[in-house]
Amino acid sequence: MHTRIAIIGAGFGGLGAAIRLKQRGWTDFVVFERADDLGGTWRENSYPGCACDVPSQVYSFSFALNPRWTSTYSPQDEIWSYLRACADRFGVRPAIRFGTEVRAAAWDHGRWRLETSAGTWTADVLIAAGGPLNEPVIPKLPGLETFRGEAFHSARWNHGAELAGRRVAVIGTGASAIQIVPAIQPVAGTLTLFQRTPAWVMPRGERPLRPWEQRMYGRIPGAQRLVRTLAYWQIEATVLAFLRPALMRLAERAALANLRKAVRDPGLRARLTPDYRMGCKRVLKSDDYYPALVRDNVEVVTDAIAEVRPHAVVTRDGTEHPADVIVFGTGFRVSDLPIAERIRGRDGRSLAEHWQGSPQAFRGTTVAGFPNLFLLLGPNTGLGHNSVVLMIEAQIAYVLAALKTLDRKGIRALEPRPEAQARFVARVDRRMAGTVWATGCHSWYLDSTGRNSTLWPGSTWGYRLKMRRFDRSAYREVTA
Ligand code: NAP
């Protein structure tokens, strides 16, 4: 079977691409989704307390504002419903092949050849929108296989596992764990939180959106657009502190005041105080994380985990911490995504083989040697300060501009010139060097070579501006 455009993944990226393609008249596309529903990360993450830590007003497509958000920070089920509603409203659901996994994609005689779990497809253009946060990591703790209770990752929440009155161990203190802890603390018998590195936590200042606000947004979309624009610039301005780390000191003071206010015990407070520059790892936002940690049934353990026994997690000092349930809030594989092993370019080598542990792409979107391939949220397009939906939309606009160039000029395939890609990557690396992300902490933004191949070291408006035009001169035509 053949389609002009194949899209991998029906999360924010794949769905956004499908909608925009359809709106602009490219209707010959298929979305391959390995799950049986759409929504990507917002379908997969259903852990208690799961919500967006970016304000709802900027966490939606610019072309589909949602007047029905119930809070200034939308909960997971609302975002998931929003995405499903978008698929229906814009009529792209019929183009999605659910339960269809793309196992391999190779450039083969002028087109992409896709081996999927439902047969072979060919496509002229491939849009990879699998998302960077979908391969959970569970650390290989000695003895984990002997554990008698339930153990699961935050992104694979076991809703059948009983938590009420049980002894729950939570491992990790990243964006997922700090939402899980306050949500389950009230029901858990005991909650032991294993912290390797304390996070910088800012107050979230969440509030419900009042019915009159929802009514107003429903009736006067311009009002919501204005609120969105204001929210956008307010958040966008914070990028300055990420680019000029000294400015972060001000924010650090606010975060420490937040900690002091919530945690009176100096010992616990010391354990929760980070010793690296704020922003180097993702800045977390929460109003209820610290208050949960001071509850009687919670213990914060900072000694490293040595092993797991049938009914306990054991730390290096030999202490047994009894547990009936272990929750891994231990993050995702990001810079060595399995999809990179599955996509093979003109020379038969995979993205992973080209990248050698450090993903690179022209404008974070196209890759030399991989004609007509577009990566959504590809290398160096993640954000530490604003909504990634903005980056996704900028990339989609770029894909549309590229398709227009192909059609107008009657070109079969294009790929970035290696020198253009190298220049782009060098510029990104140079800019990254002065940012807060390069101040020496260990974070998931860094790949196995120590390079930050995850984040965009600049403003989103700068990136959006860049992506409005397809830079034909940076590309070469590929005929086979
Ligand atoms: P994460 O940020 O990678 O955090 C993983 C946590 O697990 C870290 O605290 C890490 O400690 C700890 N850890 C890993 N291996 C460990 C081990 N062997 N022993 C002890 N601790 C260990 O993962 P995440 O919290 O799932 O978040 C990932 C990303 O998803 C976020 O940064 C964010 O971009 C996104 N996210 C977004 C939202 C949202 O609201 N929009 C919500 C959740 C997640 P170290 O810090 O020492 O490595």
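Ligands are counted one by one from 1 in listed order, and the atoms in each one are counted from 1 as well.
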Does an N or O from Ala175, backbone or side chain, lie closer than 3.5 Å to an N or O of ligand 1?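 N/O-N/O distance under 3.5 Å: yes.
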Does an N or O anywhere in Ala177 fall below 3.5 Å from an N or O of ligand 1?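 No; the residue has no nitrogen or oxygen that sits under 3.5 Å from a nitrogen or oxygen of the ligand.
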Quick one: nearest non-hydrogen protein atom to atom 20 (C) of ligand 1, plus distance?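 Looking at atom 20 (C) of ligand 1, the protein heavy atom closest to it is Ile171 CG2, 3.7 Å.
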Specify the protein heavy atom at minimum distance from atom 9 (O) of ligand 1: its residue, its atom name, and the distance to 0.1 Å.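 Going atom by atom, the protein heavy atom closest to atom 9 (O) of ligand 1 ends up being Thr173 N, 2.9 Å.
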Counting heavy atoms only, which of [options] comes nearest to [atom]?
| atom | options | value |
| --- | --- | --- |
| atom 30 (O) of ligand 1 | Leu133, Val313, Asp53, Ile79 | Leu133 |
| atom 46 (O) of ligand 1 | Arg282, Arg196, Lys281 | Lys281 |
| atom 6 (C) of ligand 1 | Gly331, Gly329, Gly49 | Gly329 |

Measure Tyr73 to ligand 1 on non-hydrogen atoms and call it side chain, backbone, both or neither using the 4.0 Å cut-off.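 The answer is neither.
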Report the part of Pro139 in contact with ligand 1, treating N, CA, C, O as backbone and CB onward as side chain, heavy atoms under 4.0 Å; options are side chain, backbone, both, neither.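 Looking at Pro139 and ligand 1, just side chain atoms fall under 4.0 Å.
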Quick one: does [X] get a heavy atom under 4.0 Å from ligand 1?
| X | result |
| --- | --- |
| Tyr276 | no |
| Val54 | no |
| Phe194 | no |
| Gln179 | yes |

Do [X] and [Y] have a side chain donor and acceptor closer than 3.5 Å?
| X | Y | value |
| --- | --- | --- |
| Asn258 | Arg253 | no |
| Gln179 | Ser286 | no |
| Thr366 | Tyr398 | no |
| Asn66 | Ser60 | no |
| Gln224 | Gln57 | yes |
| Glu353 | Ser350 | yes |
| Asp447 | Ser358 | yes |

For [X], counting its heavy atoms only, list the atoms of ligand 1 lying under 4.0 Å from any of them.
| X | answer |
| --- | --- |
| Gly172 | 6 (C), 7 (O), 9 (O), 12 (C) |
| Tyr47 | 42 (C), 43 (C) |
| Ala51 | 39 (C), 40 (O) |
| Thr197 | 45 (P), 46 (O), 47 (O) |

Tyr73 six-ring face occupied by Arg204 cation (under 6.0 Å, within 45°):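 Yes, a cation-pi geometry.
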Distance under 6.0 Å and angle within 45° of the ring axis: does Arg363 meet both against Phe374?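 Here Arg363 fails the 6.0 Å and 45° test against Phe374.
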Flag the pair Glu213 and Arg207 as a salt bridge only when some basic side-chain nitrogen lies within less than 4.0 angstrom of an acidic carboxylate oxygen.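 Yes, this pair counts.
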